Each structure stands twice: as structure tokens, then as C-alpha cells.
Amino acid sequence: MEKKERRRNKRCNEDTGIVYSFFNQTEQHAALARNYSRFGIYFESDRPLPLGTTIVIRTLDCEATDNRDGSSFERGPAAYYCKSTHPPSEECQELKTHGVAEVKRCENCKDLNRKRYGIGAHFIRPAV
């Protein structure tokens with residue numbers, strides 16, 4: 001049985017490097033965004049995040065110099081995860097360079113090689 005898509009917006013399914021931090025904190029953590037839209041993002045991290053946590057997300061803009069399969073988060077963000085250098089599709093133009101989001105889900109990815117968590121977050125839209 002095929003799982004029904006419940007999202008309101010199309011998502012870009014291009015892996016993109018990000019760093020995130022807890023709101024009002026300076027320590028950053030590397031992660032790999034697996035998909036995103038203008039309203040939300042799904043990324044994988046080596047640490048779990050509590051539901052309801054407010055995080056700041058920044059995309060990385062650098063040349064990919066190493067494997068992008070997420071085999072390690074230890075060497076720092078720029079070594080593994082960078083923005084794509086080819087022209088983005090319409091869906092892939094929605095990723096903000098900086099954003100504030102609320103964690104809506106966090107699940108263990110069940111990776112036998114290392115601990116990895118799948119995190120879904122909803123971007124918080126500024127009041128106008």
C-alpha cells in the first residue's frame with residue numbers, strides 16, 4: 001500500500017548542507033537537509049532534538065570537498081555539506097539562507113553504522 005502524501009507544498013529532495021543552533025545560543029551543529037519547502041525542512045543530525053525546540057538554521061555555501069553521504073559529522077560542517085552549485089529547480093529555490101524553525105518530529109534513523117536522527121521542523125514565519 002502506497003503512503004499518501006500529506007504535505008501542502010512540493011518539497012525539494014536535494015541534499016543540502018546546513019548548520020543549526022538552539023535559538024539564542026552560538027554553538028552550531030552540522031546536519032544534512034534531505035528535503036525542504038518554504039514552510040518546513042527535514043534534516044539528519046547526529047544528535048536528537050526535543051519536540052518544540054526553536055532552532056536557527058543556516059545553509060552552507062561552499063564547494064563540496066568530501067563525501068556527502070553523511071559518514072561523519074566530526075570534522076565540521078564545511079568538510080561535508082555544501083549547497084548545490086547547479087541551477088535549482090522551482091521547488092529548490094525555496095530554501096532560506098537563514099531561518100528560524102520549530103522542531104515537530106525527531107526519529108532515530110536506525111543506522112547500524114552510527115547514531116543518526118531524522119528531524120522535521122516547521123519554519124516560523126515573521127509577523128508582518
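This structure is a prediction, so every number in the text was calculated from the model and none was measured.
- Across R47 and I119, no two heavy atoms sit closer than the pair O-CD1, 3.8 Å.
- E107 pairs by the side chain to side chain donor-acceptor pair (under 3.5 Å) definition with R105, not counting sequence neighbours.
- Every residue meeting the side chain to side chain contact (heavy atoms under 4.5 Å, CB included) condition with N108, not counting sequence neighbours, appears here in chain and number order: K110, Y117.
- Expressed to the nearest 0.5 Å, how far NZ of K115 lies from SG of C109 amounts to 12.0 Å.
- Taking every heavy atom of both residues into account, A30 and S45 meet most closely at O-OG, 4.3 Å.
- The CD atom of Q25 sits 12.0 Å away from the CD1 atom of I55 when rounded to the nearest 0.5 Å.
- The two residues G118 and Y42 make their nearest non-hydrogen contact at CA-OH, 3.3 Å.
- Under the 4.0 Å criterion applied to side-chain N and carboxylate O atoms, R34 and D15 are assigned as salt-bridge partners.
- Across G52 and E102, no two heavy atoms sit closer than the pair CA-OE2, 3.7 Å.
- A side-chain donor-acceptor contact under 3.5 Å links T16 to the backbone of E14.
- Remark: F23 CZ to T54 OG1 distance equals 7.0 Å, nearest 0.5 Å.
- Of all non-hydrogen atoms in I18 and L32, the two that sit nearest each other are CG1-N, 4.5 Å.
- A101 approaches I57 most closely through the heavy-atom pair CB-CD1, 4.1 Å.
- For F43, the ring pair (Phe, Tyr, Trp, His ring centres under 6.0 Å) partners two or more places apart in sequence, or in a different chain, are Y20.
- Note that CD of Q28 is 12.5 Å distant from CZ of F22, once rounded to the nearest 0.5 Å.
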